[in-house]
Amino acid sequence: MKGIFAAIAGVCLLFYGLHFYQAIVNQEDNLFQGATLSEERVNQVNEAFPSSEEIRIEADGAELHGWFLPSSLDGQAPLFIYFGGNAEEASRAMESLPLPDEWHGLFVNYRGYGKSTGEPSQEAFYSDAEALFDFGASHHAVDESMIVSAGRSMGTGTAAYLAAEKPVAASILISPYDSRKELQQHRHPWLPVGTFIRHPFPVSTMAETVETPLLVFTGSEDMVIPPEHSLVTADAWAGETDHIQLSGYDHNNLTQAEDFHSAFSSYLQDLREDNG
């Protein structure tokens, strides 16, 4: 009998240890999964978006690589800055997001993603976000009073930071979390993970200081970032907030929904017209 109890205890300890390793010891690899970008893919993007400008932005010793997608308008136009998920290469969002033609788009890879140099971290992402904003605000074709900060999943932390630190006109958060501490505690309720999270991205805390408008998208079947975590951030946001939950969609297919495309485009079009 003692042997059986010892075996059970050993299995439980192994299970606990594996989860602790994944959640705490190995957290950078789990969070910053990275995304490769081949020269072939770069050429495909440049061919698919012939009007786009391939750019490199210096930021605290790192070189950030991505694309500036110009508006169809003559003169100055609003700018949409996008921060992707933890395994997302920036050019994929150029293809999947229904950005209105009247808007510029800035799609740049995080440090360590695509062809961007450097090492990813919360503080590095924050610094890079400010560098992207400054690049956009100083661009001759950008209306600096109409810059939107947007993010999906992991990128909602960086997008919220930018909204809290810079004069953005509005924000769009797709599957945001409240904080990585709360999310990881939800995923691993038997582990004291909150104490050990090195990149907390406290989105809901930052939300309390942002008085500009917010549009939030959630999927009813999202098991990666359950909607209740997204709603903590939406409820904490100091500015006017619109929440659209797409029934039947999960974390990975939310942006493929027809209702997402129509609401996303309409929000940006209305924002431009209301502030035009």
Side-chain angles (χ1 to χ4, degrees), residues 19 22-23 30-31 33 35 80-90 92-100 107 148-163 170-191 193-194 197 199-208 210 212-271:
H19 275 267
Q22 288 295 325
N30 283 326
L31 177 60
Q33 294 183 16
F80 173 87
I81 303 177
Y82 179 72
F83 302 99
N86 67 348
E88 186 176 354
E89 195 279 305
R92 300 298 178 180
M94 294 169 66
E95 298 174 328
S96 63
L97 293 178
L99 187 65
F107 299 89
V148 164
S149 177
R152 188 183 77 82
S153 191
M154 180 188 74
T156 61
T158 306
Y161 170 82
L162 187 59
S171 300
I172 299 176
L173 302 182
I174 306 165
S175 303
Y177 42 86
D178 39 5
S179 74
R180 286 198 64 251
K181 284 186 177 182
E182 294 299 327
L183 188 60
Q184 289 297 86
Q185 196 65 67
H186 172 89
R187 291 172 176 170
H188 308 283
W190 54 87
L191 291 175
V193 293
I197 295 297
H199 311 275
F201 288 106
V203 188
S204 60
T205 299
M206 293 185 287
E208 296 173 358
V210 185
T212 48
L214 169 68
L215 174 62
V216 172
F217 288 99
T218 60
S220 65
E221 306 308 308
D222 193 336
M223 297 293 105
V224 178
I225 300 178
E228 56 265 31
H229 286 269
S230 299
L231 291 178
V232 172
T233 290
D235 291 342
W237 200 270
E240 179 183 350
T241 302
D242 292 318
H243 171 226
I244 296 176
Q245 183 170 96
L246 299 175
S247 180
Y249 287 87
D250 60 31
H251 194 76
N252 294 320
N253 65 10
L254 175 63
T255 59
Q256 300 170 20
E258 184 176 339
D259 287 346
F260 170 85
H261 281 230
S262 59
F264 178 94
S265 295
S266 295
Y267 188 79
L268 290 177
Q269 288 168 344
D270 290 346
L271 188 66

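Values reported hereafter were calculated over all heavy atoms of this structure, with side chains retained and with hydrogens, waters and symmetry mates removed.
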| query | If we only count heavy atoms from C-beta on, is the F260 to L97 side-chain gap below 4.5 Å? | reply | yes
| request: Would you check if S175 and V224 make a side-chain contact, meaning some heavy-atom pair closer than 4.5 Å? | output: no
| field | Atom pair NE2 (H243) and CG (L173), whose distance is rounded to the nearest 0.5 Å | value | 11.0 Å
| field | Shortest non-hydrogen contact from S179 toward P202 | value | CB-CA, 3.9 Å
| said: Ignoring hydrogens, what is the shortest heavy-atom contact between A160 and V203? Give both atom names and the distance. | reply: CB-CG1, 3.7 Å
| query | To the nearest 0.5 Å, how far apart are NE2 in H229 and OH in Y177? | reply | 12.5 Å
| Quick one: does D242's side chain get under 4.5 Å of I244's, heavy atoms only? | no
| query | Stepwise, does the side-chain contact (heavy atoms from CB on, under 4.5 Å) test hold for F217 with S230? | reply | CA-CA 9 Å; F217 288 99; S230 299; over 6 Å; no
| Which atom of A87 lies closest to which atom of A35, heavy atoms considered | O-CB, 3.8 Å
| request: Over all heavy atoms of both residues, which pair between T241 and A234 is shortest? Give the atoms and the distance, please. | output: OG1-O, 3.7 Å
| query | Do V148 and Y267 come close enough that some side-chain heavy atom pair is under 4.5 Å? | reply | no
| message | So S247 and S220, do their side chains get closer than 4.5 Å, heavy atoms only? | response | yes
| message | Would you compute the distance between atom CD of E182 and atom CD1 of I197 and round it to the nearest 0.5 angstrom? | response | 10.5 Å
| remark: Between A163 and S171 the two heavy atoms that sit nearest each other are CB-OG, 3.3 Å
| said: For the backbone of T255 and the side chain of H261, can you confirm whether one donor and one acceptor N or O come within less than 3.5 Å of each other? | reply: yes
| remark: Rounded to the nearest 0.5 angstrom, the CE-CG distance for M206 and L162 is 10.5 Å
| Side-chain donor or acceptor of N253 paired with backbone N/O of Q256 under 3.5 Å | no
| query | Taking all atoms of both residues into account, what is the closest heavy-atom pair of P100 and L268, and its distance? | reply | CD-CD1, 3.7 Å
| query | Can you check whether K181's main-chain N or O pairs, donor with acceptor, with Q184's side chain at less than 3.5 Å? | reply | no
| request: May I ask you to test the P226-L183 pair for a side-chain heavy-atom distance under 4.5 Å? | output: yes
| So, the side chain of T156 versus the backbone of S153: is there a donor-acceptor pair under 3.5 Å, distance only? | yes
| Close side-chain approach of I81 to S149, heavy-atom, < 4.5 Å | no
| field | Stepwise side-chain contact (heavy atoms from CB on, under 4.5 Å) check, Y82 with R152 | value | CA-CA 8 Å; Y82 179 72; R152 188 183 77 82; 3.4 Å; yes
| message | Between M223 and D250, is there a side-chain heavy-atom distance shorter than 4.5 Å? | response | no
| request: Show your reasoning for whether side-chain contact (heavy atoms from CB on, under 4.5 Å) applies to L254 and D222. | output: CA-CA 9 Å; L254 175 63; D222 193 336; 5.7 Å; no
| query | About how many Å separate NE2 of H199 and CG of L31, when rounded to the nearest 0.5 Å? | reply | 6.5 Å
| What is the ring orientation for F264 with F80, classed by angle as parallel under 30°, tilted 30 to 60°, or perpendicular over 60°? | perpendicular
